[in-house]
Amino acid sequence: MPRDIDLVLITGAGASCSFGNARTGKSPRLPLMAEWSNSLVAALGKRDFYLRELVGLDENLDGPQFEERLGEFLTMARHFPKTARLMALSTNFPGMTHLSAADLTNWHSTVQRQMETAMAVIHQSLIDNFGWERIDGQTATSAYSVLLKHLGIQRHSRMVYVTTNYDYLGEWALERLGRRPEPGVRRPFNEPGVNTMQVLDMENLVETVGRGTPVLHLHGGVGWFQQDGQEPTIINTKQYDASWGTPIVMLPSIDKDYQAFPIIDVIWQELTRALRRARRVLVLGHSMNDQSLLQALIEHVQPYDRIAITVLPDQGTTASIESALRRLNGATALPLRFESSPAVAQVQLTDWHEAVDRADNE
């Protein structure tokens, strides 16, 4: 397969956290996983103390702990509705005949309602923390401009933008840099008005490279919804409304079910195509704690010296990034803090992309 894509840029939470919109009266940062965990604990407790206990979150969890605890609740919430028949049948079990089927049905319904309430709080928290009003696209545009310049990416360069984030900072910046983001929306990308509904279609999205910049949200996005039997849609909204359907997001969990939504499965297939055609892959602000993403890099990018992974200059490599670099033997660790004036390791960036050029020309 020809390597005709100059850059696949993969971003994680560290690529967004510095670009919160302080004009909303909230933090000028978008939350990392541990910070979102605390925000969600507060939101659940404000709604009902027992919801926090139901979801299983405590204050000051780190990112992996948050993923593990929330993942356990999400698994229960997904499967609990299927236990209604078992509850009814259990009144016939030995030693259970004194229980009333009506009482068990009422108990099951009460628990189900509480789980649905908790899920609504989680999805509202997603909007509150990562929605349109929370992002500072202007500052992010400046940062991306500097980064792409040092990577030698010009307006005519062929690039694919990939993110595990729920926000739309990438699209916003690409639009203002004249790179024509193609995020799989049936109409050209624009910041939609409140409650404007647009249809999502990710089939063959990577084929738009060159005409624009394909955008792949590996974990879905804020405002993505799926109604039964309907096409998936994106809605710019400030308030979560269950009537719009099931949110299409891979919430933090150790065991994400990427095939729960066909559109997410398609996006990962598009990622595979992009990686196979990539001359370079830069992973920006990502913990590399996502085994599915790491496996995609291992299987579809050869040789691994085409890959660079950013690390914080003052912290070095974390255990998860160190493990990823060992498995991607030959990949480069690039010290970079992505902020409004990013501390870019310009010489190292230049050395990396020139080394890839030399290898291609040999």
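Index from 1, following the sequence. This structure is a prediction, so every number in the text was calculated from the model and none was measured.
Between atom CG of residue Leu74 and atom CG of residue Leu251 there is a gap of 5.5 Å, rounded to the nearest 0.5 Å. In this structure, CG on Asp128 lies 11.0 Å from NZ on Lys238, to the nearest 0.5 angstrom. If you take CG on Asp290 and CG on Leu297, they are separated by 9.5 Å, rounding to the nearest 0.5 Å. Gln138 contributes atom CD, which lies 9.0 Å from atom CZ of Arg176 (distance to the nearest 0.5 angstrom). Atoms SG and CD, from Cys17 and Glu35 in turn, are 7.5 Å apart once rounded to the nearest 0.5 Å. The distance from atom CG of Asp136 to atom CZ of Arg29, rounded to the nearest 0.5 Å, is 13.5 Å.
Salt bridge annotation for Glu207-Arg277: present, with a cationic side-chain nitrogen under 4.0 angstrom from a carboxylate oxygen. Using a cut-off of 4.0 Å between Lys/Arg side-chain N and Asp/Glu carboxylate O, Asp58 and Arg69 are scored as salt-bridged. Ionic pairing of Arg158 and Asp4 is present here: one or more N-O contacts between side-chain nitrogen and carboxylate oxygen are shorter than 4.0 angstrom. Between Arg358 and Asp351 there is no salt bridge, since no side-chain N of the basic residue sits under 4.0 Å from a carboxylate O of the acidic one.
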Give the intermediate values and the outcome of side chain to side chain contact (heavy atoms under 4.5 Å, CB included) for residues Gln198 and Ile234.
CA-CA 5 Å; Gln198 297 171 294; Ile234 177 174; 3.7 Å; yes
Audit row: Asp167, Phe19, side chain to side chain contact (heavy atoms under 4.5 Å, CB included) steps and yes/no
CA-CA 11 Å; Asp167 62 69; Phe19 305 108; over 6 Å; no
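Residue Ile127 comes nearest to Val222 through the heavy atom pair CG1-CG1, 4.0 Å, listed as atom of the first residue, atom of the second, then distance.
Taking the salt bridge (Lys or Arg N to Asp or Glu O under 4.0 Å) definition, one finds that Arg52 meets it with nothing, sequence neighbours left out. Applying the salt bridge (Lys or Arg N to Asp or Glu O under 4.0 Å) rule to Asp305 yields no partners; only residues at least two apart in sequence or on another chain are considered. In this structure Glu231 satisfies the salt bridge (Lys or Arg N to Asp or Glu O under 4.0 Å) test together with Arg186, sequence neighbours excluded. Shown here are the ring pair (Phe, Tyr, Trp, His ring centres under 6.0 Å) partners of His353, two or more places apart in sequence or in another chain: there are none. Among residues two or more places apart in sequence or in another chain, the side chain to side chain contact (heavy atoms under 4.5 Å, CB included) test is passed with Ala173 by Thr141, Tyr144. Residues satisfying the side chain to side chain contact (heavy atoms under 4.5 Å, CB included) criterion with Asp241, sequence neighbours excluded, are Ser243, Trp244.
Checked against a 6.0 Å centroid threshold, the rings of Tyr258 and His219 count as neighbours. The aromatic ring centroids of Trp224 and Phe261 lie 6.0 Å or more from each other.
For the pair Lys46 (side chain) and Ala43 (backbone), a donor-acceptor distance under 3.5 Å is absent.
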